[in-house]
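Some notes on the structure that comes next.
On a predicted model such as this, the values are computed, not experimentally measured, just so you know.
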Amino acid sequence: MAKKKQHEDFFKYLHSLKVKQDKTISLKKDFHTDYDQKMVDKELGQDLLNLGIQKLSELQDKLYAHNQYNVLIVLQAMDAAGKDGAIKHVMSGLNPQGVKVTSFKAPTSEELEHDYLWRHYKALPARGEIGIFNRSHYENVLVTRVHPEYLLKENLPDINSVSDVTPKFWKKRFHQIREFEKSLSDNGTIILKFFLHVSKDEQKKRFIDRIDDPAKNWKFSAADAEERKHWKEYQKAYEEMLSETSTDYAPWYVLPADDKWFTRLCLAGVIFRAFEFHNFSYPKVNAAQKANLQEIKKGLLGEK
């Protein structure tokens, strides 16, 4: 009974991580970066995560057989928040043939010749598949928000200098993203978006760990340290982005990211609940089809 109560409390907690539509949020006031260890301990958390991974594998099979929906999982975070590890652990039980992970870097010259959503649209999962965007179309209201000079490379109408990038421009871009996701949702894409909310102190620890450990040196880039100098600007950009683009059809979840094991548990829990809600099932076989299958079986059994 105690474990059952913990499970129920945990799923209630997951609901509190959801950014409500049309609500202006403060990351500092409304969401924590750490976990108080009171609800589930690490041992129970690992048991829950293993169970969640197993259940996700079963639900993925039904998603593929159902063949009416696809799933898009969006991950955004500051550097060293644990996106790669979360993908690796939570998706470890899934069939890799049905999962497509796309990591978006700086746009290429070809991509800059199209609208900013073009490269993301091309990477969307097909029906029955799960797509994961490691960074996403939201970079276009985050990195470009902190560095508006990057927008000049897009050769946009009426944007000839940084001074042309007004608040109205960002409102318009938020609207475009909401409409993009609404169209996907209306056509069968289940969208789940996650911001891994790491503290500045924890990021510092992880940066130093990457520098001190030769096996992790490859993970660290001098550019990461440069972006850290814009911490406050990024937090403000994230707050507005989360407030403007969390919708009923494409909600944002802010996951505490200072404890990696708990971040992974929350990620698996939210995805699992979303799959359960849609109640995927295997296609039903009618009486005529069943009779035909039995005839085929007879033929197989009668082979010499």
Side-chain angles (χ1 to χ4, degrees), residues 19-27 72-79 83 102-125 131-187 189 191-197 221-252 254:
V19 178
K20 293 181 177 62
Q21 183 170 317
D22 299 324
K23 181 184 177 183
T24 301
I25 63 132
S26 163
L27 285 172
L72 176 62
I73 297 168
V74 172
L75 293 176
Q76 288 287 158
M78 297 293 287
D79 294 314
K83 296 191 309 304
T102 309
S103 298
F104 291 100
K105 307 294 184 183
T108 64
S109 56
E110 180 191 15
E111 289 165 346
L112 286 169
E113 289 302 315
H114 296 79
D115 72 89
Y116 68 94
L117 291 170
W118 179 72
R119 63 175 180 159
H120 305 287
Y121 202 95
K122 291 202 309 174
L124 290 170
I132 302 170
F133 283 4
N134 184 355
R135 300 195 185 278
S136 67
H137 44 295
Y138 284 98
E139 293 291 283
N140 297 281
V141 289
L142 293 168
V143 175
T144 51
R145 192 74 187 266
V146 176
H147 301 284
E149 64 274 14
Y150 293 170
L151 287 168
L152 302 181
K153 297 178 183 179
E154 296 183 24
N155 200 27
L156 296 168
D158 303 320
I159 303 295
N160 300 307
S161 68
V162 171
S163 61
D164 294 325
V165 185
T166 63
K168 186 178 178 180
F169 172 86
W170 298 114
K171 285 285 184 183
K172 184 178 180 180
R173 191 156 274 200
F174 289 136
H175 173 74
Q176 291 166 348
I177 289 174
R178 289 194 301 269
E179 290 298 301
F180 168 63
E181 293 177 346
K182 183 66 167 65
S183 176
L184 296 181
S185 175
D186 287 346
N187 286 280
T189 300
I191 306 170
L192 298 169
K193 302 179 296 192
F194 300 92
F195 171 54
L196 276 56
H197 188 24
S221 165
D224 296 342
E226 281 300 310
E227 289 304 286
R228 179 177 164 83
K229 295 175 183 177
H230 299 282
W231 184 273
K232 286 185 178 180
E233 296 158 83
Y234 272 109
Q235 295 298 295
K236 185 177 178 183
Y238 268 109
E239 285 176 344
E240 187 166 0
M241 178 270 286
L242 293 165
S243 300
E244 289 277 353
T245 61
S246 190
T247 58
D248 292 337
Y249 52 84
W252 275 106
V254 179

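- With rounding to the nearest 0.5 Å, the separation of OG in Ser26 from CG in Leu242 is 11.0 Å.
- Enclosure of atom OH in Tyr249 by more than 12 non-hydrogen atoms of other residues, nucleotides or ligands within 6.0 angstrom is indicated.
- For the residue pair His147 and Glu227, a side-chain donor N or O sits within less than 3.5 Å of a side-chain acceptor on the partner.
- Arg178 and Glu244 make their closest contact through NH1-O, 3.0 Å (heavy atoms, listed as atom of the first residue, atom of the second, distance).
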Could you give me the CA-CA distance, side-chain angles and deciding distance for Thr245 and His137, then say whether side chain to side chain contact (heavy atoms under 4.5 Å, CB included) is met?
CA-CA 12 Å; Thr245 61; His137 44 295; over 6 Å; no

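- Side-chain N or O atoms of Ser243 include one that pairs as donor or acceptor with a backbone N or O of Ile25 at under 3.5 Å.
- Within the 3.5 Å criterion, the main-chain N or O of Val74 finds no donor-acceptor partner in the side chain of Ser136.
- Only one option out of Tyr234, Trp252, Tyr238, Tyr116 pairs with Tyr138 in a ring-ring contact (aromatic ring centres under 6.0 Å, His included); it is Trp252.
- Below 30°, between 30° and 60°, or above 60°: for Phe104 and Phe133 the angle between ring planes is above 60°, a perpendicular geometry.
- Taking every heavy atom of both residues into account, Pro251 and Ile191 meet most closely at CD-O, 3.5 Å.
- Taking all atoms of both residues into account, the shortest heavy-atom contact from Pro125 to Leu72 is CD-CD1, 4.3 Å.
- Between atom CG of residue Asn140 and atom CG of residue Leu117 there is a gap of 7.0 Å, rounded to the nearest 0.5 Å.
- In terms of modelled atom types and a separation under 3.5 Å, the side chain of Asp186 and the main chain of Ser183 share no donor-acceptor contact.
- Each of Glu239, Glu233, Glu240 was compared with Arg145 under the salt bridge (Lys or Arg N to Asp or Glu O under 4.0 Å) criterion, and only Glu240 meets it.
- Rounded to the nearest 0.5 angstrom, Ile177 CD1 and Lys172 NZ are separated by 13.0 Å.
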Would you check, one step at a time, whether the test side chain to side chain contact (heavy atoms under 4.5 Å, CB included) holds for Lys232 with Lys236?
CA-CA 6 Å; Lys232 286 185 178 180; Lys236 185 177 178 183; over 6 Å; no

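- Within the cation-pi definition used here (under 6.0 Å to the ring centroid, within 45° of the axis), Lys153 qualifies as a partner of Tyr150.
- With rounding to the nearest 0.5 angstrom, the OG atom of Ser161 is 12.0 Å from the CD atom of Glu149.
- What you find for Leu27 and Val254 is that their closest heavy atoms are CD2-CG1, 4.2 Å.
- Atoms NZ and CD1, on Lys193 and Ile73 in that order, are 13.5 Å from each other to the nearest 0.5 Å.
- Taking 4.0 Å as the cut-off between side-chain N and carboxylate O, Glu154 and Arg173 count as a salt-bridged pair.
- No more than 12 heavy atoms of other residues, nucleotides or ligands sit less than 6.0 Å from atom NE2 of His175.
- Taking both residues in full, the closest heavy atoms of Phe169 and Val165 are given as CD2-CG1, 3.8 Å, listed atom of the first, atom of the second, then distance.
- The two residues Arg119 and Pro107 make their nearest non-hydrogen contact at NH1-CA, 3.7 Å.
- Leu112 is not listed as a side-chain neighbour of Asn155, based on a closest heavy-atom distance of 4.5 Å or more.
- Residues Asp79 and Arg135 are paired through a salt bridge, judged by an N-O separation under 4.0 Å between the basic side chain and the carboxylate.
- Within the 4.5 Å cutoff, side-chain heavy atoms of Leu124 are placed close to those of Leu184.
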